[in-house]
Structures are given as structure tokens and as C-alpha cells.
Amino acid sequence: MPELPEVETTRRGLEPLLIGKEIAGFEIRQPSLRWPVEETLLARLEGQRINALGRRGKYLLILADAGSLLLHLGMSGSLRFLEAPRPPATHDHLDLVFAGGARLRFTDPRRFGSLHFTDSPENHWLLRHLGREPLGEAFSSEYLRRCARGRRVPIKQLLMNSRVVAGIGNIYASEALYRAGIHPRRASGSVSPARFGRLVESIKLVLREAIEVGGTTLRDFVDGDGRPGYFQLALRVYGRAGEPCRSCGRPIRQIVLGQRATYYCPGCQR
DNA sequence: CTAAGGACCTGTCGGC
DNA sequence: TGCCGACAGGTCCTTA
């Protein structure tokens with residue numbers, strides 16, 4: 001569920017709560033996540049203070065001097081900050097425990113999420129081959145055009161390729177293509193230079209909007225039930241099969257691309 | 001190298 | 001009401 005804007009909202013919400021906290025230890029109830037959680041490695045963070053929270057694509061980084069925690073929320077993961085211990089519920093797989101008793105609790109019914117220790121995030125195998133940050137300066141229409149050159153894969157799948165650009169998920173791929181007027185099935189290499197410009201702008205716009213809305217309307221990370229909730233961002237095509245396009249009125253279509261539901265307007269997207 | 005499909009896991013929903 | 005299959009916001013890995 002968590003798309004990039006939600007991970008960024010999580011990062012921003014947690015950062016003021018976590019900075020300066022001393023890590024006392026970990027309570028791991030279910031180490032079997034996407035990859036096995038290695039408790040002995042995590043232990044290297046005991047006694048460390050948290051310096052900052054970072055994000056790379058949809059990966060969240062909790063940084064300390066001796067190393068960092070690298071966390072992914074997968075499809076169904078969420079984090080919440082507890083001021084004091086509280087009995088864990090079914091899918092509360094692990095707690096990061098701080099000196100003084102507060103904790104950060106990771107919940108993830110589907111267990112597609114992950115937690116790693118790394119002393120060099122930029123070289124970690126999960127991050128090493130990630131493409132550019134979609135909100136970064138370096139993610140430009142020239143860059144995307146270069147990545148697309150000669151490729152026949154549908155443009156939507158190119159956007160969801162993490163080696164090209166990090167963290168564009170299924171919802172925002174459809175939304176950005178709609179705003180750019182590009183058919184999701186169009187061969188990547190056949191998108192015109194001008195349209196790559198529109199596409200990159202659309203990606204940045206839709207992500208920024210979602211982060212803004214998420215930051216202002218959503219979520220308290222303290223206690224609560226930890227349900228992430230969804231962004232109030234008005235989705236223009238995602239999940240709207242059969243409903244009228246807000247621009248031209250034609251019914252939004254749903255197709256499958258790369259085994260993922262894909263939505264577009266047959267009138268507005270070419 | 002590119003592209004396609006499988007794998008991992010649980011919860012929810014629609015149809016019969 | 002109960003059961004069963006399809007599907008869900010991710011993404012790495014294997015195979016062709």
C-alpha cells in the first residue's frame with residue numbers, strides 16, 4: 001500500500017519523534033519478512049543515538065553513527081510510535097525499543113516489508129542499483145528519454161522499473177500518465193521528447209501534491225491504531241474504471257499491464 | 001542486454 | 001450464511 005508519498009509522510013512524521021533517541025534494543029516476534037531479519041546485525045545499533053531519517057525511493061533509513069536501519073513497508077506495512085510498551089497485536093512483527101521505554105512498532109500483515117542493518121546505505125544491495133529519485137533534480141526528461149531509447153516495454157512499466165526511477169508505484173504511474181496525456185501501453189521508445197517533458201513534470205507534480213496532502217491531513221504516528229489511511233489526493237483515473245473522465249467524460253478504462261491493474265482515459269491518452 | 005512471469009504472504013470482497 | 005477464487009498499494013529473482 002505505501003507509495004512513495006506515504007513513505008515520505010511517514011519519514012517526516014517520525015523524524016521529530018526519533019531524532020536523539022537512544023536505541024536500547026529490538027524485540028523481534030516474527031523475523032520472517034521479505035528477507036529474514038538478522039537480529040545479531042541489528043544489535044550493532046544498541047546504545048546508538050538516531051541522527052536523522054532518510055528516504056531512498058520507498059526505502060526508509062534510520063541513521064546513526066554506527067550504521068543505519070533500512071526499512072521497507074512492502075504492500076501492507078506501517079510504523080507507529082508508542083510512548084510506552086503495549087501488548088502487540090497479530091501482525092506487530094517487531095519493535096525498535098528506545099531507552100526510556102518508547103518504541104517504534106512495525107506492523108505488516110502481508111510480510112512483504114523488510115528490515116536490514118547497513119553500515120553503508122549507498123552500497124547496500126537493495127539500494128545500489130536503484131534509479132534516480134523522482135523528485136530529485138537529476139530526474140529530468142533527458143534522463144528518462146535516454147532510459148527509454150530503443151525499448152519496447154510499455155511506458156507505464158518503465159516508470160515502475162526501480163532501476164530507472166525509484167519508488168513510482170502502481171497508483172502514481174497511472175495518475176502521472178493520465179496527466180501527461182500518454183497511453184500507458186505506448187512503447188517507451190516511441191514517446192516524443194516533448195511528452196517526456198510533460199511526463200516528468202506530471203510525475204513530480206502528482207507526487208508533490210500527494211505528499212503535501214498527506215502531510216497536512218493524515219496520520220498521527222503516536223499511539224493510535226497505526227492504520228495508515230489513504231491520501232485524500234483526488235485520483236483522476238486509478239480505481240475509476242467505467243466512471244467518466246473528469247476532462248472529456250469518456251469512461252475510464254481498466255487494463256492489465258505487467259500483471260498490474262492499469263487505468264487510463266481512451267480519449268485523453270495516446 | 002531486454003522482457004515476462006513467478007515468488008513471497010495475508011486479508012477482503014464478489015459471486016455462487 | 002459459507003466457501004472459493006480473484007485480487008490488493010511491491011519488487012526481487014529466474015528464465016527465455
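Residue numbering restarts at 1 for every chain, and letters A, B, ... go by the order of the sequence lines. Predicted model only: the values in this text are computed from it and were never measured.
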- Just by protein heavy atoms under 4.0 Å, how would nucleotides 11-16 of chain C read 5' to 3' in B, S and -? BBS---
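- In this structure, R246(A) CZ and C265(A) SG are separated by 12.0 Å, a value rounded to the nearest 0.5 Å.
- Rounded to the nearest 0.5 Å, atoms NE2 (H116(A)) and CG (L71(A)) are 10.5 Å apart.
- With rounding to whole Å, D108(A) atom CG is found 9 Å from dT10(B) atom C1'.
- The one candidate from D65(A), I62(A), L69(A), I50(A) that meets the side chain to side chain contact (heavy atoms under 4.5 Å, CB included) condition with L45(A) is L69(A).
- A distance of 10.0 Å separates CD in Q157(A) from CZ in R185(A), rounded to the nearest 0.5 Å.
- Nucleotide dG10(C) holds its P atom 11 Å from the CZ atom of F112(A), rounded to whole Å.
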- Query: Could you walk me through whether E15(A) and R11(A) pass the salt bridge (charged side-chain N to carboxylate O under 4.0 Å, His left out) check?
  - Reply: CA-CA 6 Å; E15(A) 189 165 48; R11(A) 190 192 70 76; 3.4 Å; yes
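- At whole-Å resolution of the value, CG in N170(A) and P in dC7(C) are 14 Å apart.
- Distance, L73(A) CG to dC9(B) P: 19 Å, rounded to whole Å.
- Here dT2(B) presents its P atom at 12 Å from CZ of R152(A), a figure rounded to the nearest Å.
- Nucleotides dG6(B) and dA6(C), compared at atom P, are 14 Å apart to the nearest Å.
- Nearest nucleotide to the side chain of V153(A), out of dA8(C), dA4(B), dT10(B): dA4(B).
- One donor-acceptor pair, N or O on each side, does fall under 3.5 Å between the base of dC9(B) and the side chain of R110(A).
- Q259(A) places its CD atom 10 Å from the P atom of dA4(B), with the value rounded to the nearest Å.
- With both pairing distances under 3.5 Å, dG15(B) is matched to dC3(C) as a Watson-Crick or G-U wobble pair.
- Separation of the P atoms belonging to dC9(B) and dC3(C) is 25 Å when rounded to the nearest angstrom.
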- Message: Show, in sequence, the C-alpha distance, side-chain angles and deciding distance for R12(A) and E8(A), and conclude whether the salt bridge (charged side-chain N to carboxylate O under 4.0 Å, His left out) test is met.
- Response: CA-CA 6 Å; R12(A) 292 181 188 183; E8(A) 178 59 20; 2.8 Å; yes
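- With P as the reference atom, dT12(B) and dT11(C) are 23 Å apart, rounded to whole Å.
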- Item | Pair L159(A)-L144(A), side-chain contact (heavy atoms from CB on, under 4.5 Å): steps then yes or no | CA-CA 9 Å; L159(A) 294 184; L144(A) 193 56; 4.1 Å; yes
